[in-house]
2 protein chains.
Amino acid sequence: MAEGRIDAARSLFIRRWGEMAASWGISRTMAEIHAMLFVSSQPACTDDVMEELAVSRGSASINLRQLVNWGLIHRVHRRNDRKEYFEAEHDVWQMFDTIIRERRRREVEPIVETLQRCLTIISEERGRLSAEARKEAEVYQKRFTDILEFCGTMNTLFNLMSKAGRTGLKPLAKTVGKLVG
Amino acid sequence: MAEGRIDAARSLFIRRWGEMAASWGISRTMAEIHAMLFVSSQPACTDDVMEELAVSRGSASINLRQLVNWGLIHRVHRRNDRKEYFEAEHDVWQMFDTIIRERRRREVEPIVETLQRCLTIISEERGRLSAEARKEAEVYQKRFTDILEFCGTMNTLFNLMSKAGRTGLKPLAKTVGKLVG
DNA sequence: CGATCCTTTCAAAAGCTTCTGAAAGATTAT
DNA sequence: ATAATCTTTCAGAAGCTTTTGAAAGGATCG
């Protein structure tokens, strides 16, 4: 039964992937389904997911849909088969790009917008403040500006990374390494 | 009352920062406390936190401790005052470095270790598998190797970024931009 | 058209995380 | 040593997220 240990490796990976994702704010089941489809060479259907991960039909359905919305898996169809099957994106760099793009849209953009709004308020009120209050406002201004600048730089870098990704970021890392020292 | 809008900006930022963090798997209160200390020019004590964020003493205590454990805030003391005060790291790049380091240790390293274990199992069992099972195992091997390689590259890049960070990553981004095209 | 097969939906339940508040523990002052 | 002040702890409460399972909704087949 040499396959036993291989299957164990498969399910160990799936479980750990789910645990990791959970600590990054992604539901465990969604991540487990993703891991399962990521390692599989064949597309899987809802019943496959239900069986392998022991989840209900409802949960499988909802989580599969979310993964499709994220763009991490795709629906595929087979001839003479009404069932829907799902297949994961297998290119790790493409996956990374998708995740970064989604999270930026959902979670980073709102805070950037808030920071800009806060800075606007500060510059509008600046003239009306007492000397003391102005000092405080200037501290806020610096903090908000710092974060915005950080976001901008990270943005640029991630864009560069996803551009470089497919053709190979490893050589890039080496080059950058030399530049930085 | 020009200060009213400034205070509103402050608390808006704190709330949004908390919401963002919540979607990244960090508790809202912990993030709000962090945001509050980050924008403040003066250290704050437990009662300040309780008052501004309307949380219980227990919650303030626990979350402050966690922030200290993460290395995102520090305890500071004042003469003739028994109270403990807390002050955030204000350098955004230092903050980034701290967060990346912590999360890598807590969440990335376990999955890397698992992947290595899985690869070991596969290479051990490889010889004992039927032709069909071996084909499947080879798919797993490729997937696991791909992720490991990805982790390695990201590791290198983040190390470079935190090295470059303080002296300025913006010029670096420009340089990299030219390299990538 | 009715039967079959598959997917989606959603209210209730379960499970998980975080918070509360009072009591215990520490530390410093008198 | 005792009082005063501040911090930590933790069992129970509250709140939030996810899952379940059955019913409804769609699509395709004969």
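Computed from a prediction, not measured in an experiment: that's the story for all the values here. Heavy-atom basis, side chains included; hydrogens, waters and symmetry copies ignored. So you know, we letter chains A, B, ... as the sequences are listed, proteins then strands, and number each from 1.
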Assign a letter to each nucleotide of nucleotides 12-17 of chain D from its 5' end: B, base within under 4.0 Å of a protein heavy atom; S, sugar-phosphate only; -, no contact. ------
Protein-proximity profile, nucleotides 22-30 of chain D, B/S/- by nucleotide at the 4.0 Å heavy-atom cutoff, equals -----BBS-
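Qualifying side chain to side chain contact (heavy atoms under 4.5 Å, CB included) partners for B:Ala133, counting only residues two or more places apart in sequence or in other chains: A:Glu3, B:Leu129, B:Ser130. For B:Val139, the side chain to side chain contact (heavy atoms under 4.5 Å, CB included) partners two or more places apart in sequence, or in a different chain, are A:Ser41, B:Arg143. Shown here are the ring pair (Phe, Tyr, Trp, His ring centres under 6.0 Å) partners of B:Phe13, two or more places apart in sequence or in another chain: A:Phe144, B:Trp17. For B:Asn69, the side chain to side chain contact (heavy atoms under 4.5 Å, CB included) partners are B:Arg65, not counting sequence neighbours. Judged as a side chain to side chain contact (heavy atoms under 4.5 Å, CB included), and not counting sequence neighbours, the contacts of B:Asp47 are B:Cys45, B:Met50, B:Arg57, B:Lys83. Take A:Arg101 and apply the side chain to side chain donor-acceptor pair (under 3.5 Å) test, not counting sequence neighbours, and it matches A:Asp97.
Pairs passing the salt bridge (charged side-chain N to carboxylate O under 4.0 Å, His left out) check and including a residue from residues 66-78 of chain A, sequence neighbours excluded, read A:Arg75-A:Glu84. Among pairs with a residue in residues 106-115 of chain A, those fulfilling salt bridge (charged side-chain N to carboxylate O under 4.0 Å, His left out) read A:Glu102-A:Arg106, A:Arg103-A:Glu107, at least two apart in sequence or across chains. The stretch residues 26-36 of chain A participates, sequence neighbours left out, in no salt bridge (charged side-chain N to carboxylate O under 4.0 Å, His left out) pair at all.
Contacts between residues 32-51 of chain A and DNA chain C, defined by a heavy-atom separation below 4.0 Å, involve A:Thr46, listed by number.
The interatomic distance linking A:Arg65 (CZ) with C:dC6 (C1') rounds to 15 Å, in whole Å.
Side-chain contact annotation: A:Asp7 with A:Ser11, donor-acceptor N/O pair under 3.5 Å absent.
If A:Met30 and B:Asp81 are placed on DNA chain D by their nearest nucleotide, the residue sitting closer to the 5' end is B:Asp81.
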